Amino acid sequence: MAGYLILTIIAFSLIAFWIGRSAGNKFVADAQGTTVHSLPGYHGAFVAVWVGLPALVLLLLWLVFQDNVIDSLLLSSLPQSEIAGLTPAQLNLVMTEIKTVASGTIFGEPAPHIMQGAETLTRWRGIAGWAMVATSVCLMLLMLFFTRSRLSARFRARNQFEAVISGLMIFCSVAAILTTIGIIVSLLYESYAFFQLVPPHEFFFGLNWEPQIAIREDQVAGAGAFGAVPVFYGTLVIATLAMAVATPIGLFTAIYLAEYASERFRNIVKPILEILAGVPTVVYGFFAVLTVAPAIREAGTLMGLATSPNSALAAGGVMGIMIIPFISSLSDDAIRAVPRSMSDGSLAMGATRAETITRVLLPAALPGIMGGILLALSRAIGETMIVVMAAGLIATMTINPLDSVTTVTVQIVTLLIGDTAFDSPKTLAAFALGLVLFFVTLCLNVVALRIVQKYREQYE
Amino acid sequence: MSEQIKVKMRGENVCVHYGEKQALFDVNLDIGTNQVTSLIGPSGCGKSTFLRCLNRMNDTIDICRVTGDLTLDGQNIYDRAIDVVELRARVGMVFQKPNPFPKSIYENVAYGPRIHGLTRDKTEMDEVVENSLKRAGIWEEVKDRLDQPGTGLSGGQQQRLCIARAIATKPEVLLMDEPCSALDPIATAIIEELIDELRENFTIAIVTHSMQQAARVSQKTAFFHLGKLIEEGDTEEIFTNPQNKKTQDYITGRIG
């Protein structure tokens, strides 16, 4: 029903556009002495927007509220004898059963009040659908007559239309912001619930992480400890390893591409490097766990070092490879964006190419380079798949890259899969970890923006 | 050209190609020691190209090819034995658009001496920086804010900072590529005065679009047209009694 209605709305808008434009054309043809303010197309667009948008908004609101309204009506229509004394969860179950029956899936022999409920539901849904169509069409016709009556030679259709479009742009940008706020609020809410169960000082300063507590009495599990330090420590170790791999390789690649490579070589190599960022992280994951980790273990054994099968080095190293293009590509762009007059000025004073790069180009390109590095760092901290597959699960405080470590993201994944209950500290801990992680990457982004802003206009 | 002036730089049969396109045709031109030589001519006539040959800045353009002989004190600067870095330390350059580095005023001037190891310690460096800024006539304006970025100065101050930066390396020749084209008349007058003072210690070649400027600051003038050197001689001679019809047309404003 909604699909057809959308098509109808589009058709109506097109007709409205045509009507508005013909009106505009007529104003232009009739213009004597007075000039027409807007082009005919703007008259058309103005009418079309005001016909189409309200109908679309109505449709959306209708779809959002229709089910709630019908549900409450249905609930009150059910025979009191059947639902008296049921808990909300049980009521929910009854409603679900009615809906399943209404959609045609019938298991066994449903009770008569369920069958009746399903019939009512189907009937009401049909009525609601047609009511929606009728209301929308009425609204569109109303808007069409109203907007058409406003058109005249001096009517500022262009300004009106542009105001609507700028409103649309504001709406789009606000939507992204609202989503972010929504995520933060839900994180805060669940984290608050977690900190009711586990004191914050234990979470932030505790050195022991054993979250696998029993959620049913008959389960065998640990006592539970929620000290997040080892988990964040693991993230730090992995991210440091990744950055230790990616920063020098990426930076030197960027310098080579920007200053030494021929144009042809650069045009081939840069896109290939950027493919690295496009490889799915799960592919990096099994590359790390099946190829790199065994190789590291064997090398370690040869040298007589104790190496765990899941080493931080394997995960961090492979992650480092993955984030090379963030650094190399952005730094390359930043270096090439430095005006040629800078390097000319330096070369003309008898500086060598290397001196020019290290003393003039790199400092001038620093904002872009820092931006790339911080972007790569946020990526490394937030990366999940590679570490889930290659790093390990046990939280240990170790700086040895050959040991297995665990990261925040890995712990969030393991906390939320399998048997979960939303009121246990085990599940809620995931939100607290997520909140802290979010806060850390947010800070990194703010720092990155700060650095970029501070140095941005320096060479202009 | 009077006989007692020593030739500092000499170009013989200099041809420059950008890819297929020839930009300079058999240019023969001498730059006299402690003189200001101005190169004039309409846009695209090759005067900047010739100037950039003198410290091999054309090397930075991949498709550029230079033939002919260019000498500094009799030594061919395109010779394999010549280190281009050393050459550019001896032949400095000031560009059309002021291009201070995004560093402090002090660091801008100290850049050259630092990379060439001209000073032994901080006191010596301070002296070089102060002297260079004084010579460029900007010391009084910046002495209290040496640690502020050079990019924060006005256009005219930036250009004088660039001149200070260039002379801090103690070059023998100073090339100037339209140094005043981005500046207002007051800043231009200051720079012109400066050029006249600098002549004592440096050999200067300057590209300019302003005929008045060429007449005011230079002792010798060379007129380029369509990649060819049309006429060269004493500035007074060129402006009062040009031998070539084209030169006359250009300086009276009929072509250009």
Side-chain angles (χ1 to χ4, degrees), chain A residues 254-270 331-372 450-460, chain B residues 51-52 54-63 83-104 107-118 148-152 158-159 161-171 173-177 182:
Chain A
I255 292 172
Y256 177 72
L257 285 180
E259 285 300 307
Y260 292 97
S262 70
E263 197 63 19
R264 237 184 90 217
F265 182 78
R266 182 175 180 274
N267 286 344
I268 297 170
V269 168
K270 207 178 172 198
S331 306
D332 173 46
D333 289 343
I335 293 171
R336 286 169 65 94
V338 176
R340 200 192 158 83
S341 61
M342 291 292 133
S343 58
D344 271 0
S346 169
L347 289 173
M349 300 183 54
T352 64
R353 216 152 172 192
E355 283 163 346
T356 304
I357 290 168
T358 52
R359 285 164 185 261
V360 176
L361 291 183
L362 288 186
L366 190 69
I369 294 172
M370 283 308 285
R450 271 293 152 119
I451 290 174
V452 170
Q453 265 169 3
K454 187 169 176 205
Y455 296 98
R456 187 194 282 158
E457 288 174 343
Q458 250 199 354
Y459 55 70
E460 279 167 4
Chain B
L51 194 76
R52 289 169 67 93
L54 294 175
N55 70 343
R56 291 183 56 178
M57 279 305 282
N58 282 333
D59 288 13
T60 59
I61 302 165
D62 289 339
I63 54 167
D83 180 16
V84 66
V85 166
E86 226 168 278
L87 168 74
R88 287 180 190 149
R90 290 174 67 191
V91 184
M93 190 161 190
V94 175
F95 293 84
Q96 179 172 4
K97 213 178 132 229
N99 58 349
F101 300 133
K103 302 173 183 294
S104 70
E107 283 303 318
N108 261 286
V109 182
Y111 186 82
R114 200 157 274 168
I115 57 177
H116 295 298
L118 297 184
Q148 283 172 27
T151 39
Q158 285 190 11
Q159 194 63 298
L161 175 63
C162 290
I163 292 173
R165 188 177 70 182
I167 58 184
T169 324
K170 300 201 167 54
V173 183
L174 201 53
L175 309 176
M176 297 183 160
D177 190 354

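In the text below, chain A, chain B and the rest are named by the order of the sequence lines, each starting its count at 1. This structure is a prediction, so every number in the text was calculated from the model and none was measured.
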- Query: Given that the side chain runs from C-beta out, which part of A:Ser262 has a heavy atom under 4.5 Å from chain B: side chain, backbone, both or neither?
  - Reply: neither
- Task: May I ask you to test the B:Thr60-A:Arg340 pair for a side-chain heavy-atom distance under 4.5 Å?
- Result: yes
- Item | Sub-4.5 Å side-chain heavy-atom contact between A:Asp344 and B:Lys97 | no
- Query: Non-hydrogen atoms of chain A under 4.5 Å away: do they reach the side chain of B:Val84, the backbone, both or neither?
  - Reply: neither
- Distance-minimising heavy-atom pair for B:Pro100 and A:Met342: O-CE, 3.1 Å
- Item | Smallest separation among heavy atoms of A:Ala351 and B:Val85, with atom names | O-CG2, 4.3 Å
- Message: Suppose we screen for side-chain hydrogen bond (donor to acceptor under 3.5 Å, both in side chains). Which residues come up paired with A:Ser331, at least two apart in sequence or across chains?
- Response: none
- Shortest non-hydrogen contact from A:Glu355 toward B:Tyr111: O-OH, 3.8 Å
- For A:Met349 and B:His116 the tightest heavy-atom approach is O-NE2, 2.8 Å
- Looking at B:Arg165 and A:Gly345, what are the two nearest heavy atoms and their distance? NH2-CA, 4.1 Å
- Closest heavy-atom contact between A:Pro363 and B:Lys103? CG-NZ, 4.2 Å
- Which atoms of B:Thr169 approach chain A - backbone, side chain, both or neither, heavy atom under 4.5 Å: side chain
- Let me know if B:Arg56 has heavy atoms under 4.5 Å from chain A in its side chain, its backbone, both or neither. neither
- Task: Identify which part of B:Phe95 has an atom lying under 4.5 Å from any heavy atom of chain A, answering side chain, backbone, both or neither.
- Result: side chain
- Task: Supply the atom-to-atom distance A:Leu347 CG to B:Asn55 CG, rounded to the nearest 0.5 angstrom.
- Result: 10.0 Å
- Task: Take atom NZ of A:Lys270 as the centre, draw a 6.0 Å sphere, and report whether it contains more than 12 heavy atoms from other residues, nucleotides or ligands.
- Result: yes
